[in-house]
Amino acid sequence: GQQLNQSPQSMFIQEGEDVSMNCTSSSIFNTWLWYKQDPGEGPVLLIALYKAGELTSNGRLTAQFGITRKDSFLNISASIPSDVGIYFCAGRKTGTASKLTFGTGTRLQVTL
Amino acid sequence: GAVVSQHPSWVICKSGTSVKIECRSLDFQATTMFWYRQFPKQSLMLMATSNEGSKATYEQGVEKDKFLINHASLTLSTLTVTSAHPEDSSFYICSARVSRGRGETQYFGPGTRLLVL
């Protein structure tokens, strides 16, 4: 099935640094969701975006719904060790019976 | 957020046996749930959409007779892997659709790891 392109594939950063990742598609989406998955667990919803251009924050996390509706961005400020994990974007298109298309994932590793 | 549980969290079975996985919405009703599978170091792949009171809809390439889905109540969907084989070993994750004022989202269960020997 289709997957969204996520970049970077992995990141190795130092504690305290800011992190940026993005998700792109050739198709238009009407909803963008960002999830974090820890090893052996299910994804946890971080931020939901429903409108083109929308900028939403959740603590140190900020996500944006791209104007073209074909991309989304997630930023993490002042990273801490517990930010380690895999971040997935997911998009929903109109008329797809609520199905989500997932990104390929960004693996984040944080050093002290 | 909405809470979704799965049971069991892990299961080991012999080849040829059937395994049932339960997905429950704990504090809300879910007319629509989804079943995904995830292989190591890969993303989630949608297997099927589970609709309360009606037949599930399967994604292309997913055998409906192999992966039986039953959504008999507004808080429970089950996935049965029939005649499991080693290639069915994977991480199975369910989610429930939640509609709130601004739009829809999905909340995920903790996953079930299946190992078929």
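This one's a predicted model, so the numbers in the text were calculated from it and none came from an experiment. Any value given below was found using the heavy atoms of this structure, including those in side chains, with hydrogens, waters and symmetry copies removed.
- Listed by sequence position, the residues of residues 70-81 of chain B in contact with chain A number zero, using a 4.5 angstrom heavy-atom cutoff.
- Note: the hydrophobic cluster containing A:Phe102 does not contain B:Trp35 (ILVMFWY, side chain heavy atoms under 4.5 Å, direct or indirect links).
- For B:Thr105, the parts lying near chain A are the backbone and the side chain together; criterion is any non-hydrogen pair under 4.5 Å.
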Can I get a per-line list of side-chain donor-acceptor pairs under 3.5 Å for residues 103-110 of chain A, giving both atom names and the distance, sequence neighbours left out?
from, atom 1, to, atom 2, distance (Å)
A:Thr104, OG1, A:Gln6, N, 3.3
A:Thr106, OG1, A:Gln6, NE2, 3.3
A:Thr106, OG1, A:Pro8, O, 2.7

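- Of the two parts of A:Phe88, only the side chain, counted from C-beta on, holds a non-hydrogen atom closer than 4.5 Å to a non-hydrogen atom of chain B.
- Between B:Trp10 and B:Thr112 there is no side-chain heavy-atom pair separated by less than 4.5 Å.
- When heavy atoms are compared at a cutoff of 4.5 Å, B:Gln60 does not approach chain A at all.
- At a threshold of 4.0 Å, the pair B:Lys66-B:Asp88 counts as salt-bridged, since one of the basic side-chain nitrogens sits closer than that to a carboxylate oxygen.
- Taking the charged nitrogens against the carboxylate oxygens, B:Glu22 and B:Arg24 do have a contact shorter than 4.0 Å, which makes a salt bridge.
- Applying the disulfide (SG to SG under 2.5 Å) test to every pair with at least one member in residues 49-101 of chain B, sequence neighbours left out, gives these pairs: B:Cys23-B:Cys94.
- The neighbour count for A:Glu15 CD, taken as heavy atoms of other residues, nucleotides or ligands under 6.0 Å away, is above 12.
- For A:Tyr87 and A:Tyr35, the gap between ring centers reaches or exceeds 6.0 Å.
- Proximity of the aromatic rings of B:Phe91 and B:Tyr36 is defined here by a centroid distance below 6.0 angstrom, and this criterion is not met.
- For a residue to count as touching a neighbouring chain, one of its non-hydrogen atoms must lie under 4.5 Å from one of that chain's; by this rule A:Leu45 touches chain B with the side chain only.
- Heavy atoms closer than 4.5 Å to chain A are found in the side chain of B:Ile93, but not in its backbone.
- No other option in A:Ala90, A:Ala48, A:Pro43 has as many heavy-atom pairs under 4.5 Å with chain B as A:Pro43.
- For a residue to count as touching a neighbouring chain, one of its non-hydrogen atoms must lie under 4.5 Å from one of that chain's; by this rule B:Gln38 touches chain A with the side chain only.
- Under the side-chain hydrogen bond (donor to acceptor under 3.5 Å, both in side chains) criterion, A:Arg69 pairs with no residue at all, not counting sequence neighbours.
- Contact of A:Gln9 with chain B is not made at all, since no heavy-atom distance falls under 4.5 Å.
- The contact between B:Arg102 and chain A is made by backbone and side chain atoms together, counting heavy-atom distances below 4.5 Å.
- Looking at A:Ser98, both its backbone and its side chain come within 4.5 Å of chain B, counting heavy atoms on both sides.
- Between chain A and the residues B:Gln42, B:Glu59, B:Gln106, the largest count of heavy-atom pairs under 4.5 Å involves B:Gln106.
- Counting heavy atoms from C-beta on, the side chains of A:Asn30 and A:Lys93 never come closer than 4.5 Å.
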